Amino acid sequence: GLIALLVVPAFRMFRFSFTPGVPDKRSHLTFAIATATVGFIVSMFFFDAFAFMQTLLVLSLLYAIAAWAMTEPVEEDPVEEDPVGGSGAEGDRAAAASEPRVPAP
């Protein structure tokens, strides 16, 4: 039972972390959660992990975050062109920099 709960998810997260084509943010996130799982497995030798419900609850929440990171499709952020000559906030900064500053009355 413990292998299905702890070892298999950690192995799958480590494998996902090193899969080519996965965005860096998600691979780093799943790698960190897999490392936390290994820490939880090691800590089970020193205390009763299932008696302290907070640790098990935090691990379950981390598993939910890892499941999201592994299954949610990656969306590309569209870059919208600004008619002033830049894109997004950069265009706003360039337009603001080109305008003369008028002192406040």
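Note that the coordinates shown come from a computational prediction; the quantities given were computed from them, not determined experimentally. Every heavy atom of this structure was used, including side-chain atoms; hydrogens, water molecules and symmetry mates were not.
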Verify the cluster assignment for Val42 and Phe11: are they in a single hydrophobic cluster under the rule of side-chain heavy atoms below 4.5 Å apart? no
Do the side chains of Val38 and Ile33 join up, straight or via other hydrophobic residues, at under 4.5 Å, putting them in one cluster? no
Other residues, nucleotides, ligands: >12 heavy atoms within 6.0 Å of Leu57 CG: yes
Counting only heavy atoms not in Arg12, do more than 12 sit closer than 6.0 Å to its CZ atom? no
Determine all donor-acceptor pairs shorter than 3.5 Å in which one atom belongs to a side chain in residues 59-69; sequence neighbours excluded.
from, atom 1, to, atom 2, distance (Å)
Ser60, OG, Leu56, O, 2.9
Tyr63, OH, Leu5, O, 3.3

Side chain to side chain donor-acceptor pair (under 3.5 Å) involving Ser17 - partner list, sequence neighbours excluded: Thr30
Please enumerate all residues that pass ring pair (Phe, Tyr, Trp, His ring centres under 6.0 Å) together with Phe18, with sequence neighbours excluded. Phe31
Flag the pair Met70 / Met13 as yes when at least one side-chain heavy-atom distance between them is below 4.5 Å, and no otherwise. yes
Remaining members of hydrophobic cluster (4.5 Å side-chain criterion), Phe47: Phe52
Can you name the side chain to side chain contact (heavy atoms under 4.5 Å, CB included) partners of Ile41, sequence neighbours left out? Leu6, Val7, Thr37
Check: Ala10 main-chain N/O paired with Arg15 side-chain donor or acceptor under 3.5 Å: no
